Amino acid sequence: MQQPFKRIRTDGFACYSIAFSPFYPNKSAVAGSANFGLVGNGRLSVLQDTPAGLVIEKGFDTQDGLYDLAWSECHENQIATASGDGSVKLWDVMLNDFPIRKWHEHQREVFSIDWSNTQKDLFCTSSWDGTIKIWTPDRPTSLTTIPAHSSCVYAALFSPSQPSIIASCSSDGTLKVWDTRSPLPSTSVPGGAQATNLATPQLTIPAHPNAEILSLDFNKYSPNLLATGSVDRTIRIHDVRMATPAPSPSTPHLQPNATIATLLGHEYAVRRVNWSPHHSNRLASASYDMTCRLWATDPAPTGTGMSQSFSSQGGVGGRMERVWDGHKEFVVGCSWSLYEEGVVASCSWDQEVHMWR
């Protein structure tokens, strides 16, 4: 078994998500849940990378499990978390014990959270209640509610280059792209507030027909490319320029012509995909097969309509570069260091964070 470059335990809490700070090269944070997230408390752990190894600098306990987190893009000490009780909380790592903001509009588990790196005062959440919500730290209610899917929205992310674009994926097997510049009339939300609703996606791509999509990510250098990870054990790469908008709301599904590549190799569901911030053709993935894998991708040329399959042995257009098999349980989170090229952190239900090259 490979030995990790650095390792730390989050005793009592299965890790669900890890993210590096966009401000500090040696800081990261982990969202964790007791009892594998099925029942019990959660914990936000702030990690410090020291010459002696990883240390837990501070921990914040929550009444329900945490499924995801996002560092603020406008305040170096703030982190937002997504909770199993439907709440969203904002923490300041310089303060103790309690969140500085708390919202509770989602009706079911909040499964993902993402902070916009272009419009830095906004972040979005997605929930098992089928909605996406857009927030700003300064307001007590959400700014926008998107009734995105008819079932669980496992992930929603802002585009890295277009502040009004959000992509989402769901248990319905579709990848949707939304433009927040096209709102419908406001409707009421819990608490008597008003929120703008978006009802029609810009694009709907049947990315993994008949299979749940658990994760997605925008390519940082080619924002028209998105990767998705699914319970069908595949990673697929999609070029939204090859998709055609649906002619009407009654026919929302598109032909799968936007899928340009399929990466094969994981033995169980792919739980997380993450494009490298340093290279346009590097992708990391985490899976229930207890591995984290690194891929070199080279999709088919745009406009060819070709779909390539990349086997675990490599192949034309792409290859698997590394398999990290140091974990002993489901690997559900992975993240690239923003400052140190080639460093990846993975986190697992084995209550460990591994940081490796």
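None of the values given here were measured: they were computed from a predicted structure. Residues: numbered from 1 along the sequence shown.
Atom OG of Ser28 is separated from atom CD of Gln48 by 9.0 Å, given to the nearest 0.5 angstrom. Summarising the geometry, atom CZ belonging to Phe158 is positioned 7.5 Å from atom OG1 belonging to Thr118; distances are rounded to the nearest 0.5 Å. Taken from CG in Asp121 to OG in Ser116, the straight-line distance is 8.0 Å, to the nearest 0.5 Å. Once rounded to the nearest 0.5 Å, the distance linking CD of Glu321 with CG of Leu283 reads 10.5 Å.
In this structure, Ser168 and Val153 approach most closely via the heavy-atom pair CB-CG1, 4.1 Å. Considering all non-hydrogen atoms of both residues, His266 and Trp295 come closest at CD2-CZ2, 4.1 Å. The minimum heavy-atom distance linking Thr62 with Asp64 is given by the pair OG1-O, 2.6 Å. Residues Ala31 and Leu66 approach most closely at CB-CB, 3.9 Å, considering heavy atoms. The shortest heavy-atom contact between Ser276 and Tyr221 is O-CE1, 4.1 Å. Ile8 and Leu54 make their closest contact through CD1-O, 3.3 Å (heavy atoms, listed as atom of the first residue, atom of the second, distance).
The list of salt bridge (Lys or Arg N to Asp or Glu O under 4.0 Å) pairs with a residue in residues 343-357, not counting sequence neighbours, reads Arg7-Glu352, Arg9-Glu352, Glu340-Arg357. Note on residues 260-270: no pairs pass salt bridge (Lys or Arg N to Asp or Glu O under 4.0 Å), not counting sequence neighbours. For residues 70-80, no residue pair satisfies the side chain to side chain donor-acceptor pair (under 3.5 Å) rule, not counting sequence neighbours.
With salt bridges taken as basic N to acidic carboxylate O contacts below 4.0 Å, none links Asp49 and Lys27. Taking a cutoff of 4.0 Å between a charged side-chain nitrogen and a carboxylate oxygen, Asp289 and Arg293 qualify as a salt bridge.
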Report task. Output, in order, the C-alpha distance, side-chain angles, deciding distance and verdict of side-chain hydrogen bond (donor to acceptor under 3.5 Å, both in side chains) for Glu105 and Ser142. Result -> CA-CA 8 Å; Glu105 292 183 17; Ser142 61; 2.7 Å; yes
Report task. For Leu214 and Val273, run side-chain contact (heavy atoms from CB on, under 4.5 Å): C-alpha distance rounded to whole Å, both residues' side-chain angles, the deciding distance at 0.1 Å, then the answer. Result -> CA-CA 9 Å; Leu214 304 180; Val273 290; over 6 Å; no
Report task. Show your reasoning for whether side-chain contact (heavy atoms from CB on, under 4.5 Å) applies to Asn219 and Leu226. Result -> CA-CA 6 Å; Asn219 189 296; Leu226 291 100; over 6 Å; no
Query raised in the report: Checking side-chain contact (heavy atoms from CB on, under 4.5 Å) for the pair Ile165/Val177: CA distance, chi angles, key distance, verdict?
Result: CA-CA 7 Å; Ile165 299 298; Val177 179; 3.7 Å; yes
Report task. Apply the test side-chain hydrogen bond (donor to acceptor under 3.5 Å, both in side chains) to residues Ser126 and Ser112: give CA-CA distance (whole Å), side-chain angles for both, the deciding distance (0.1 Å), then the verdict. Result -> CA-CA 5 Å; Ser126 72; Ser112 82; 2.6 Å; yes
Requested in this report: Before giving the answer on side-chain hydrogen bond (donor to acceptor under 3.5 Å, both in side chains), spell out for Lys89 and Ser87 the whole-Å C-alpha distance, their side-chain angles and the decisive distance to 0.1 Å.
Outcome: CA-CA 7 Å; Lys89 298 179 177 68; Ser87 68; 2.7 Å; yes
Requested in this report: Let me see the working for Val331 and Thr291 under side-chain contact (heavy atoms from CB on, under 4.5 Å), right down to the final yes or no.
Outcome: CA-CA 6 Å; Val331 183; Thr291 69; 5.7 Å; no
Query - Worked verdict on His106 versus Thr125 for side-chain hydrogen bond (donor to acceptor under 3.5 Å, both in side chains) - result: CA-CA 9 Å; His106 283 295; Thr125 57; 2.8 Å; yes
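The hydrophobic clustering, which links ILVMFWY residues whose side-chain heavy atoms are closer than 4.5 Å, places Ile237 and Met242 together. Hydrophobic clustering, with ILVMFWY side chains joined whenever heavy atoms are under 4.5 angstrom apart, groups Leu122 together with Ile166. A single hydrophobic cluster is not seen to contain both Val231 and Ile205; linkage of ILVMFWY side chains at heavy-atom distances under 4.5 Å, directly or through other members, places them apart. Under the 4.5 Å side-chain heavy-atom criterion for Ile, Leu, Val, Met, Phe, Trp and Tyr, Ile56 and Met94 are members of distinct hydrophobic clusters. Grouping the Ile, Leu, Val, Met, Phe, Trp and Tyr side chains by contacts below 4.5 angstrom, directly or via other members, places Val46 apart from Val30.
In this structure, the salt bridge (Lys or Arg N to Asp or Glu O under 4.0 Å) partners of Asp217, at least two apart in sequence or on a different chain, are Lys220. For Cys347, the side chain to side chain contact (heavy atoms under 4.5 Å, CB included) partners at least two apart in sequence or on another chain are Cys15, Ile18, Val353. For Ser230, the side chain to side chain contact (heavy atoms under 4.5 Å, CB included) partners at least two apart in sequence or on another chain are His208, Ala211, Asp232. With sequence neighbours excluded, no residue forms a salt bridge (Lys or Arg N to Asp or Glu O under 4.0 Å) with Lys102. When the side chain to side chain contact (heavy atoms under 4.5 Å, CB included) test is applied to Pro223, the partners found at least two apart in sequence or on another chain are Ser159, Pro160, Ser161. Residues passing the side chain to side chain contact (heavy atoms under 4.5 Å, CB included) test with Phe330, sequence neighbours excluded: Tyr288, Val332, Trp349.
The environment of CG in Asn210 is sparse: at most 12 heavy-atom neighbours from other residues, nucleotides or ligands sit within 6.0 Å.
A donor-acceptor contact under 3.5 angstrom links the side chains of Arg181 and Ser164, judged on distance only.
When side chains are defined from C-beta on, Ser171 counts as touching Tyr154, because their heavy atoms get closer than 4.5 Å. Leu175 is listed as a side-chain neighbour of Leu216, based on a closest heavy-atom distance under 4.5 Å. Looking at Trp91 and Thr81, their side chains come closer than 4.5 Å, going by heavy atoms from C-beta outward. Looking at Lys133 and Thr144, their side chains never come closer than 4.5 Å, going by heavy atoms from C-beta outward. Contact check for Glu329 versus Ser348: side-chain heavy atoms found under the 4.5 Å cut-off. Taking 4.5 Å as the limit, every side-chain heavy atom of Asp68 sits out of range of all side-chain heavy atoms of Tyr16.
For the side-chain contact (heavy atoms from CB on, under 4.5 Å) test with Leu263, the passing option among Val270, Thr234, Thr297 is Thr297; the others fail. Of the residues Cys292, Ser285, Ser335, the one that meets the side-chain contact (heavy atoms from CB on, under 4.5 Å) test with Ser346 is Cys292.
Grouped with Trp135 in one hydrophobic cluster are Val88, Leu90, Leu95, Ile100, Trp103, Val110, Ile113, Trp115, Phe123, the linkage being side-chain heavy-atom contacts under 4.5 Å among Ile, Leu, Val, Met, Phe, Trp and Tyr residues. Grouping Ile, Leu, Val, Met, Phe, Trp and Tyr by side-chain contacts under 4.5 Å, direct or through others, puts Phe23 with Tyr24.
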Using residues 34-45 as the side-chain source, report each donor-acceptor pair under 3.5 Å to any protein atom, sequence neighbours left out, with the distance given to one decimal.
| unit_1 | atom_1 | unit_2 | atom_2 | d |
| --- | --- | --- | --- | --- |
| Asn35 | ND2 | Val39 | O | 3.0 |
| Arg43 | NE | Asp61 | OD1 | 2.6 |
| Arg43 | NH2 | Asp61 | OD1 | 3.1 |

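Taking the six-membered ring wherever Trp is involved, the centroid distance between the rings of Phe20 and Trp336 does not fall below 6.0 Å.
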